[in-house]
Every structure is written in structure tokens, then in C-alpha cells.
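Contents: one structure, followed by commentary.
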Amino acid sequence: MTFAIVKIMKPKILLVNPPIYDFAAYDFWLKPYGLLTVAGCLRGKADFRLFDYLDRQAPFVSAQEKLASDRWGRGRFYCENIPRPPAFEAIPRHFRRFGMPRRMFCDYLATEGPFDFALIQTTMTYWYRGLEETIEDVRKLSPGAKIVLGGNYVTLCPDHAGGLGMDLLVPGADLDPLWEYLEIPPDLEQPPLWDVYPKLDVGTLKLTDGCPFSCTYCSVPKVYGKFKPRPMRHCLLELELMRQLGVENIAFYDDALLFEAETALVPFLNEVVGRNAKVSFHTPNALNARFVTAELAELMVRAGFKTFYLGFESASVRWQNRTGSKVFSEELAQAVEHLIGAGAKGSNITAYQILGHPHIEIQELETSMRFVRKLGIRGMLADFSPVPGTADGEYCRKWINMDEPLMHNKTAFPIILLGFDESNRLKDLQRELNRSIRR
Ligand code: B12
Ligand code: SF4
């Protein structure tokens, strides 16, 4: 009789959050939450390594570059000027590569490799040049690694992503093809793999999926379908893991955090208060002012919300009705009253307004900016990114080639639509209006 010794080896998986190629980028609580969620489902079943080009806490980055954070954990990335791609010849702004220098990744691959798989995060569609760089380096220095891409760019531009030459694309939120490819059964009860970071002070969280609205510039309703709360037990597990790791600031990545708040946000915040969690919460992805009641505002402030970003976009009723009626001006005014009544500072409340929307002729942007100023809160112009597959994005084919994802760039489109001078004039006006908001 012979005995076969079966050695069970865990696959070695490299996780990469690539560098950003863009005119501007700022660490506004940016984390590769999708990638970490996927890796969390495989916790203990693979040998994971992370290379996050955008990790401003990585010891070698902060030592050399002094990448300071503000009091809420935001800050600038290390960056280098690079030549503008031909598609942006007409855009008179510096083009840059944000994130750790390329040679650091090459050294890392040479010392930590080889890997069996490389899972790469994709985020904005117009950031695919960072993926090209990453894929090239992995192919060269860990040639046996199977490369897998997932996330927003793959979901919105699957055909373009297919041209980058990786081994597997995982568009959308169905991860079954990934588990089959890796031949590892997932444990969906596990929290994201935050523990793969050597040091972590900012984390992200989602209590809900999807959105009940249908704004004409947004991909969320089509991609994520019906709104639904996530299981509360799982959300609390995510919170606890981040707290154990020393996270002080948590940004919500929900699309409709306040919708049906009694089923998701309210029970979550009651737990936060009960556990005396001492975490600062932020809402960079915008809250819907319609759902801010006096009671909810009070609970949010008590539970630790420090900054409030509200999606307003325009004070023009015509524009609001045409794009999905997600919020009206009086609802914004009411929400601000409730937040300030609950103790939030006006300077920590910001209303986003889209700059460079293709229906700017009915948006009355300047009037909207002044309306926001009168409420005693800050305004922020959110440059419009035309999103493929949305009504407004497809309308932009009038001006740009939507099949080239670089053209979805949020700095480029407003300049193409309005011109450099007009776009700058509106940004200067916004700065001027914000100057007088009391801190
Ligand atoms: C959070 C968020 C942000 C954050 C930053 C996120 C980040 N890390 O960079 C903030 C608030 C800063 C932001 C800013 C902007 N955003 Co944004 N944002 C989002 C949002 C709400 C969630 C993305 C997310 O991380 N979700 C959490 C994860 C867990 O979910 P997921 O991505 O669905 O992941 C699942 C699968 O995709 C898969 N998966 C994900 N990653 C990976 C990786 C691998 C390897 C695998 C196998 C699988 C996989 O598994 C996950 C679990 O099921 C999306 C909308 C949405 N719901 O997707 C818009 C979205 C990505 N943003 C968008 C836009 C327009 C913007 C802005 C341009 C808005 C503006 N004008 O200012 C800016 C751009 C910022 C910049 N610097 O250029 C657009 C996309 C635009 C584009 N052309 O790509 C989106 C799609 C919303 C929309 N309007 O349609 N955003
Ligand atoms: S409310 Fe926000 S997430 Fe929902 S469809 Fe409109 S823009 Fe998208």
C-alpha cells in the first residue's frame, strides 16, 4: 500500500489598488472597498499581500513625502507631472500620476513574488491608464500570476476593459465567476480585509445597496437595481473590525444612506451610540436632503457625524424635474435648518452642485450657488463626469467620444462644454462665496 502525501497550499494572492492618472486627485476618504470586500470573503483561505499605491499611511511614503492628513483623515497624494495624453491636448491643465512611484511596486513584485493571482481594483472609468501600468508590471515581474479585474470601470466599460488583456473580468456585483475561477468557496459572512493594511486610520462602510431614484446622470439604478439595506449584523462586524484596527474616520459609500432610515441608518446609529464607538463619520458620496428630519439630524450628530455633504446640483425646478427630481430647494433649506439645529456647523455642511452638466442652459448655476450661500453652508462644484449608459452620458456623444473612457474625465468635460475661462470663473465665484462662511 502506498500513501500519497497531499500538501494543501493556500494560493498567494496580490491585491493592488493602482495609481491614478488624472489632472487632479485628492484623498477624499478614498479606499478600495470593493477589492477588500472580495478579499474578506476569502479570509484565511489565501495568502494575501496588498500594494495600495494610494495608501498615504505606508511608512516609506510618509517618511519621505510628509503626506499630512487633515483632522478628518483627508490629504494629498504623492504625485508626478506626466505628459498629457493626446485626447487632452485641448485641456490647458497639468496632467499627473498620483500614488507611490512605479519602481516601488516593481521592487515589491521582485521581493514578494511570485504570485498565483493578482486582483486589481478599478474605480473611475477614466483612470484606466493606472491599470495598464499595473498589468504591465505584473506580467513582467510575476508572469505566472493570473490577473483579475473588478469594480466600476469593468462594470461600466466591459468592452474597453476586455482590451487590456487580463485573465478574468468581473463586472457588476455577481462574484460567482470569481469564486469558480479561484476554486475557493467564499465565506460571505466575513468583513472586508481591512487587517491587510499595516496601519489604518480611515475606513469606509455601506449600510445599503442601490438607490430608489433614477437621476439621468447616474449609473447606480441600472447597475445595482432595487434599494435594499444590508444585514445589520454584518455592518456592525465591519464597524467593530475597523475600530479594533484603530480607525478614527469612517466614510459612508452608500448611494442612499438616508432612504428608509428606520431600517438601516437609525438602528445602526443606535448601536454606535450604545457602544460609545467614538468614531467620526463622513458622507462624501452625498446625502439626500429630503430625508433629513430633525430627529435624524440629532441622532447623526450625537453618533459622531462630523461632515455633511448634500447632493443638491441645482436650484432650478426645470433642471430638477428633468434630471429625476431627487431633491428640491426647499428640502435642502429644511435639512440645513435641522442639521444646524442639531449642532452641526454650517462650515461642515456642503452642498454639491454639478459643473458642466450638458443641460447647463436650464441649470441656473450661479443662482443656485448664491441660494446655497444664503443658507450659511459651503457650496462645492462637482465637475460633471459623463457616465456611459446613462441618459445624460449618452447625450454627451454630441461633444465627445464616449467609447474612449478618458473622455469621461471630470476635469476635462466641463472645460470642453463651457471653455476654460468660464469654468474657472465659476470656480472662482464658488471660492469667493465660501470665503465668508463662518468656521
Ligand atoms: C464611493 C464613491 C465615490 C468616493 C470615492 C470612491 C473611491 N474609492 O475612489 C467619492 C465620494 C470621493 C467619489 C467621487 C466621485 N465619484 Co464616485 N462613486 C462612489 C460609489 C458610490 C461607490 C463605489 C464603491 O466603492 N462601492 C463599494 C463597493 C463595495 O461596491 P462595488 O464597487 O459595487 O463593488 C462590488 C463589485 O463591483 C465587485 N468589485 C469591486 N471591486 C472589485 C475588484 C476586484 C478585483 C473584483 C474581482 C471585484 C470587485 O465586488 C464588490 C462587492 O460586491 C459609486 C457608485 C456605486 N454605487 O458604485 C460612485 C461612482 C463610481 N462615482 C462616480 C462619479 C461620477 C464620481 C465623481 C466624478 C463625482 C464628482 N463629480 O465629483 C467623483 C470623482 C472623484 C475623482 N477624484 O475623480 C460615478 C462613476 C464615474 C466614472 N466615469 O467612472 C459612479 C459610478 C456613480 C455614478 N454617478 O454613476 N465617488
Ligand atoms: S439619488 Fe444619487 S445615487 Fe440615486 S440615482 Fe440620483 S445621483 Fe444616483
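Quick caveat: nothing in here was measured; it's all calculated off a predicted structure. Just so you know, these numbers use all the heavy atoms, side chains as well, and skip hydrogens, waters and symmetry mates. Note that ligands are numbered from 1 as they come in the structure, with each ligand's atoms numbered from 1 the same way.
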Before giving the answer on side chain to side chain donor-acceptor pair (under 3.5 Å), spell out for Gln121 and Tyr33 the whole-Å C-alpha distance, their side-chain angles and the decisive distance to 0.1 Å. CA-CA 9 Å; Gln121 177 74 66; Tyr33 189 39; over 6 Å; no
Quick one, Asn348 with Thr307, criterion side chain to side chain donor-acceptor pair (under 3.5 Å). Give me CA distance, side-chain angles, the key distance, then yes/no. CA-CA 5 Å; Asn348 288 335; Thr307 61; over 6 Å; no
Polar contact flag, side-chain donor to acceptor under 3.5 angstrom, His160-Asp403: no
Who's the nearest protein heavy-atom neighbour of atom 72 (O) of ligand 1, and how far? Ala382 CB, 3.8 Å
Under 4.0 Å from a heavy atom of Tyr217: which atoms of ligand 2 are those, numbered in the order shown and with their elements? 7 (S)
What atoms in ligand 1 come closer than 4.0 Å to a heavy atom of Asp383? 70 (C), 71 (N)
Of all the non-hydrogen atoms in the protein, which one sits nearest to atom 12 (C) of ligand 1, and at what distance? Leu30 CD1, 3.7 Å
Is a donor from one side chain sitting under 3.5 angstrom from an acceptor on the other, for His359 and Gln363? no
Hey, is atom 80 (C) of ligand 1 under 4.0 Å from any protein heavy atom? yes
Looking only at heavy atoms, is any part of Leu35 under 4.0 Å from ligand 1, and if so is it the side chain, the backbone, or both, or is it neither? both
Note the single closest protein heavy atom to atom 27 (C) of ligand 1, along with its residue, its atom name and the distance in Å. Tyr33 CD2, 3.6 Å
For the residue pair Phe95 and Phe23, categorise the inter-ring angle as parallel (less than 30°), tilted (30 to 60°) or perpendicular (more than 60°). perpendicular
Between Arg431 and Asp428, is the closest basic N to carboxylate O distance under 4.0 Å? yes
Filtering Tyr217, Tyr126, Trp29 for the heavy atom nearest atom 68 (C) of ligand 1 leaves Tyr126
Output the list of atoms in ligand 1 that are nearer than 4.0 Å to some heavy atom of Leu175, sorted by atom number. 38 (C), 50 (O)
Face-on cation placement of Lys12 at Phe115 ring, 6.0 Å and 45° thresholds: yes
What's the shortest heavy-atom distance between Phe213 and Gly324, and which atoms? CD2-O, 4.4 Å
Taking CD in Glu330 as the centre, count heavy atoms belonging to other residues, nucleotides or ligands within less than 6.0 Å. Is the count above 12? yes
Tell me, which protein residue and heavy-atom name are nearest atom 39 (N) of ligand 1, and how many Å apart are they? Gly151 N, 3.7 Å
When you check the side-chain N and O atoms of Trp29 and Asn249, is any donor under 3.5 Å from an acceptor? no
Is the contact between Asn152 and ligand 1 made by the side chain, the backbone, both, or neither, using heavy atoms and a 4.0 Å cut-off? side chain
Quick one: does NZ or CZ of Lys10 land under 6.0 Å from the six-membered ring centre of Phe117, within 45 degrees of the ring axis? no
Would Asn285 and Asp254 count as having a side-chain donor-acceptor pair, cut-off 3.5 Å? no
Which of the numbered atoms in ligand 1 are under 4.0 angstrom from any heavy atom belonging to Pro284? 11 (C)
Can you tell me the protein heavy atom closest to atom 45 (C) of ligand 1 and the distance? Ile120 O, 3.3 Å
Sub-4.0 Å atoms of ligand 1 with respect to non-hydrogen atoms of Lys410: 68 (C), 74 (C), 75 (C), 76 (C), 77 (N), 78 (O)
Closer than 4.0 angstrom, basic N to acidic O: yes or no for Asp383 and Lys427? yes
Aromatic ring proximity, centroids under 6.0 angstrom, Tyr128 and Tyr126: no
Test your reading of the structure: does Lys206 have an N or O sitting under 3.5 Å from an N or O of ligand 1? no
Using heavy-atom distances, let me know which of Ile20, Asn285, Asp392 sits nearest atom 3 (C) of ligand 1. Asn285
Counting only heavy atoms not in Lys345 (residues, nucleotides, ligands), do more than 12 fall under 6.0 Å from its NZ? no
Run the contact test for Gly172 against ligand 1 with a 4.0 Å cut-off on heavy atoms, strictly below, and give the result. yes
Determine if the distance from atom 55 (C) of ligand 1 to the closest protein heavy atom is below 4.0 Å. yes
Can you confirm whether the side chains of Ser69 and Arg74 place a donor and an acceptor under 3.5 Å from each other? no
If you measure every N/O of Gln121 against every N/O of ligand 1, is any gap under 3.5 Å? yes
Trp127 near ligand 1 by a heavy-atom separation under 4.0 Å: yes
Sub-4.0 Å atoms of ligand 1 with respect to non-hydrogen atoms of Thr123: 7 (C), 9 (O)
What protein heavy atom lies closest to atom 82 (C) of ligand 1? Include the residue and the distance to one decimal. Thr125 OG1, 3.6 Å
Heavy-atom nearest neighbour in the protein, as seen from atom 34 (O) of ligand 1, with distance rounded to 0.1 Å: Gly34 CA, 4.0 Å
Answer yes when Asp187 and Arg43 have at least one side-chain N-carboxylate O distance shorter than 4.0 Å, and no when they do not. no
Is the cationic atom of Lys31 (NZ for Lys, CZ for Arg) positioned less than 6.0 Å from the six-membered ring centroid of Tyr197 and within 45 degrees of its normal? yes
Salt bridge or not between Asp70 and Arg76? Use side-chain N to carboxylate O under 4.0 Å. no
Distance alone, cut at 3.5 Å: any donor-acceptor contact between the side chains of Glu132 and Tyr21? no
Quick one: which of Met124, Lys222, Lys31, Arg74 has a heavy atom closest to atom 13 (C) of ligand 1? Met124
Check: His408 N/O within less than 3.5 Å of ligand 1 N/O: no
Suppose I only count heavy atoms of Val38 and a 4.0 Å limit; which atoms of ligand 1 are within that range? 48 (C), 49 (C), 50 (O)
I need the atoms of ligand 1 closer than 4.0 Å to a non-hydrogen atom of Ser219, numbered in the order shown. 86 (C), 88 (C), 90 (O)
Please check atom 59 (C) of ligand 1 for a protein heavy-atom neighbour under 4.0 Å. no
So, at under 2.8 Å, which protein N, O or S atoms would a careful student list around atom 4 (Fe) of ligand 2? Cys211 SG
Selected option - heavy-atom contact closest to atom 44 (C) of ligand 1, from Gly150, Pro32, Gly389, Pro171: Gly150
When you measure from atom 65 (C) of ligand 1 to every protein heavy atom, which one gives the shortest distance, and what is it? Ser385 CB, 4.0 Å
What about Asp255: any of its N or O atoms under 3.5 Å from an N or O on ligand 1? yes
Can you find a pair of side-chain heavy atoms, one from Asn434 and one from Gln430, that are under 4.5 Å apart? yes
Of Phe28, Tyr224, Tyr352, Tyr253, which has the heavy atom at the shortest distance from atom 30 (O) of ligand 1? Tyr224
Taking atom types as modelled, find out whether Ser385 and His408 have a side-chain donor-acceptor pair closer than 3.5 angstrom. no
